[in-house]
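Here the structure comes first, spelled out in structure tokens, and everything after it is commentary.
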Amino acid sequence: MNRDDALSRILASHGPALRRIARVYGGPAGEEEDLVQEILLQVWKGLASFRGDSALATWVYRVALNTALSFRRGAGRRPPTTDADPIQAAGGTIGTPRAEAAILREFLD
């Protein structure tokens, strides 16, 4: 199976979870879709190096979360326009096991 077919299958099975991650980390309106596109690009680029040491869903989640965290830290990004902190809404702060566990549970649901 080529990378494009694999990405289509990933998007079909994990697309809603990827969008939830993008909604939490995307920031102001308009950046959520940018983040989804960036996540899909990074998944597509990384498919060639996926060794199968973990479940595909776990690997996709990790790529998505790492991409989202990099996106949030990116130079020139505007702070969220709402008073609600999306990281707190996910159950903790960036990098804490609680936050990552909450996002993983949501992703796997």
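The closest side-chain heavy-atom distance from Glu31 to Phe71 is below 4.5 Å. Side-chain contact check for Tyr61 versus Ile21: some heavy-atom pair is nearer than 4.5 Å. The shortest distance between side-chain heavy atoms of Tyr25 and Leu65 falls below 4.5 Å. A 4.5 Å side-chain heavy-atom check between Arg9 and Asp5 finds every atom pair outside the cut-off.
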Using atom types as modelled, flag every donor-acceptor pair under 3.5 Å from a side chain in residues 39-51 to any protein atom, sequence neighbours excluded.
residue, atom, partner, partner atom, Å
Gln42, NE2, Glu38, OE2, 2.9
Trp44, NE1, Asp4, OD1, 2.8
Ser49, OG, Gly46, O, 2.9
Arg51, NE, Asp53, OD2, 2.9
Arg51, NH2, Asp53, OD2, 2.7

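In this structure, CG on Leu7 lies 10.0 Å from CG on Asn2, to the nearest 0.5 angstrom.
With sequence neighbours left out, Glu33 forms a side chain to side chain donor-acceptor pair (under 3.5 Å) with Arg19, Gln37.
The nearest pair of heavy atoms linking Val36 to Ala22 is CG2-CB, 3.4 Å.
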